[in-house]
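Structure, as structure tokens:
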Amino acid sequence: MNDKEQTLSIIKPDAVERNLQDEIKQEFIGKGFEIIKEKKIHISKEEAEKFYKVHESKPFYNDLCAYLSSGPIVVMNLQRKNAVIENRKLMGATNPKDAEDGTLRKKYGISIDKNSVHGSDSVENAKIELDFFFND
Ligand code: UDP
Ligand code: MG
């Protein structure tokens, strides 16, 4: 039985800008994730708005979408057992200040908005988000 799961990870503009993508990819590989698809892209504000539509009513929505479209990002399809939850654990808390030692956001995050990585928060959303970026 194949019990592997897939999730979407994004290395956000603040991390790509600091050329951290290879180091962050090694962190995923070290935790048993396979990077089965990846691409470096620069999305438009409109695409970011579509991607983050779930946050439409939040006060930070506009800045968040402006930020995600402000520079290149690396989007990846990560696979392993319990990929969604294991990726969320490896990422750490949304605010790097609250993130535990050893997590990606603690190591690389600058602030709550520039927190270096995105990860799907459920298996259902992982499918939707993977389809958003890898629909070919
Ligand atoms: N965010 C922000 N201000 C906030 C809360 C969130 O700028 O007060 C940003 C942050 O970059 C976060 C993203 O919005 O990663 C999506 O928020 P969510 O609550 O889904 O956090 P995540 O799932 O990324 O941990
Ligand atoms: Mg989220």
Side-chain angles (χ1 to χ4, degrees):
M1 198 183 100
N2 181 6
D3 60 358
K4 286 180 179 173
E5 188 174 278
Q6 294 179 3
T7 192
L8 178 84
S9 170
I10 304 178
I11 303 176
K12 292 184 176 182
D14 62 274
V16 176
E17 195 180 325
R18 288 174 287 154
N19 209 17
L20 291 168
Q21 60 268 38
D22 289 343
E23 201 173 321
I24 293 176
K25 276 157 57 179
Q26 284 309 315
E27 299 254 9
F28 288 121
I29 292 163
K31 292 286 181 185
F33 290 92
E34 287 172 76
I35 302 172
I36 60 174
K37 286 180 192 167
E38 74 167 281
K39 58 183 178 184
K40 186 177 177 185
I41 52 176
H42 188 162
I43 62 170
S44 66
K45 175 111 188 286
E46 290 69 30
E47 286 173 300
E49 285 166 355
K50 215 172 143 198
F51 178 73
Y52 273 130
K53 196 150 177 56
V54 60
H55 292 306
E56 203 171 18
S57 62
K58 309 272 175 60
F60 57 83
Y61 178 66
N62 187 55
D63 287 349
L64 174 62
C65 297
Y67 166 63
L68 196 70
S69 57
S70 67
I73 57 175
V74 176
V75 294
M76 295 172 289
N77 180 337
L78 299 182
Q79 177 171 281
R80 61 158 281 172
K81 186 178 178 189
N82 299 323
V84 170
I85 186 82
E86 291 299 333
N87 181 37
R88 296 290 306 193
K89 276 198 231 163
L90 179 56
M91 286 163 58
T94 305
N95 190 339
K97 281 190 196 137
D98 302 328
E100 286 182 35
D101 284 348
T103 62
L104 299 178
R105 283 169 164 173
K106 173 76 173 194
K107 281 189 188 174
Y108 305 112
I110 295 168
S111 57
I112 190 163
D113 47 329
K114 296 184 173 177
N115 59 5
S116 303
V117 282
H118 166 87
S120 309
D121 62 4
S122 67
V123 174
E124 190 191 359
N125 284 336
K127 291 202 175 83
I128 294 167
E129 294 183 353
L130 284 166
D131 190 51
F132 185 88
F133 285 111
F134 299 106
N135 57 358
D136 39 352

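Start at 1 and go down the list; that is how both ligands and their atoms are numbered.
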Next item on the list: Please report the C-alpha distance between Leu8 and His118 in whole Å, then the side-chain angles of each, then the deciding distance to 0.1 Å, and finally whether the side-chain contact (heavy atoms from CB on, under 4.5 Å) criterion is met.
Entry: CA-CA 8 Å; Leu8 178 84; His118 166 87; 4.2 Å; yes

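- In summary, Lys127 and Asp131 do not engage in a salt bridge, as defined by a charged side-chain N under 4.0 Å from a carboxylate O.
- Between the side chains of Glu100 and Thr103, no donor-acceptor pair is found at a separation under 3.5 Å.
- A cation-pi arrangement, defined by a distance under 6.0 Å to the six-membered ring centre and an angle within 45 degrees of its axis, is absent between Lys58 and Tyr52.
- Protein residues having a heavy atom under 4.0 Å from any atom of ligand 1 are Lys12, His55, Phe60, Leu64, Arg88, Thr94, Arg105, Ile112, Asp113, Asn115, listed by chain and number.
- In terms of the side chain to side chain donor-acceptor pair (under 3.5 Å) criterion, residue partners of Lys107 (sequence neighbours excluded) are, by chain and number, Glu27.
- No salt bridge links Glu46 with Lys50; every basic N to acidic carboxylate O contact stays at or beyond 4.0 Å.
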